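For clarity, every value in this text was computed on a predicted model and none was experimentally measured. We count residues from 1, following the sequence as given. Side-chain atoms are counted along with the backbone in the values below, which use heavy atoms only and exclude waters and symmetry mates.
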Amino acid sequence: MENDFNYGMKVSLNNELGVVIKDELDKSNFCGVIRWDTAIENDTEDWRGQFGTFIRISIY
């Protein structure tokens, strides 16, 4: 099990799929912007620094 977001990591939340992307503001080893696979052209969410919270809500 991972303990932090990694670039290219596939994620799932509320039956939506996404991938962690590199954002121009990301510092090394601090990523967490997720691009969701939806019909919206640029559907992203910033989860940087919130990996533990993401894991807790994604398992329910």
Side-chain angles (χ1 to χ4, degrees):
M1 176 106 186
E2 299 288 336
N3 60 3
D4 208 347
F5 290 112
N6 295 308
Y7 297 119
M9 174 186 275
K10 295 176 186 174
V11 295
S12 174
L13 184 64
N14 298 328
N15 295 321
E16 290 187 16
L17 300 175
V19 65
V20 178
I21 60 172
K22 183 161 179 64
D23 185 74
E24 22 182 85
L25 301 177
D26 285 349
K27 298 179 178 116
S28 62
N29 297 328
F30 189 65
C31 58
V33 175
I34 299 172
R35 168 65 169 95
W36 296 106
D37 184 20
T38 66
I40 300 170
E41 185 174 329
N42 191 15
D43 190 4
T44 60
E45 289 182 327
D46 187 350
W47 282 88
R48 287 178 281 207
Q50 302 179 68
F51 185 77
T53 301
F54 184 88
I55 292 301
R56 280 194 297 276
I57 65 174
S58 68
I59 61 173
Y60 293 105

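Residues Arg48 and Val33 form a side-chain contact, since some pair of their non-hydrogen atoms from C-beta on lies under 4.5 Å apart. Contact of the Ile34 side chain with the Phe5 side chain is registered, since non-hydrogen atoms from C-beta on lie closer than 4.5 Å. Side-chain contact between Thr44 and Asn42 is present, with at least one heavy-atom pair separated by less than 4.5 Å.
Taking each heavy atom of Arg35 and Glu41 in turn, the nearest pair found is NH2-O, 2.8 Å. When all heavy atoms of Ser58 and Ser12 are compared, the pair lying nearest together is CB-O, 3.6 Å.
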**Report entry** side-chain contact (heavy atoms from CB on, under 4.5 Å) between Leu13 and Phe54, worked out
**Finding:** CA-CA 8 Å; Leu13 184 64; Phe54 184 88; 3.7 Å; yes
Report task. Test side-chain contact (heavy atoms from CB on, under 4.5 Å) on Glu16 and Asp37 and set out the steps. Result -> CA-CA 7 Å; Glu16 290 187 16; Asp37 184 20; over 6 Å; no
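No chain of hydrophobic side-chain contacts below 4.5 Å, direct or via other Ile, Leu, Val, Met, Phe, Trp or Tyr residues, connects Ile55 to Leu17.
Checking Asp4, Ile21, Val20 one by one against Met9, the side-chain contact (heavy atoms from CB on, under 4.5 Å) holds for a single residue, Val20.
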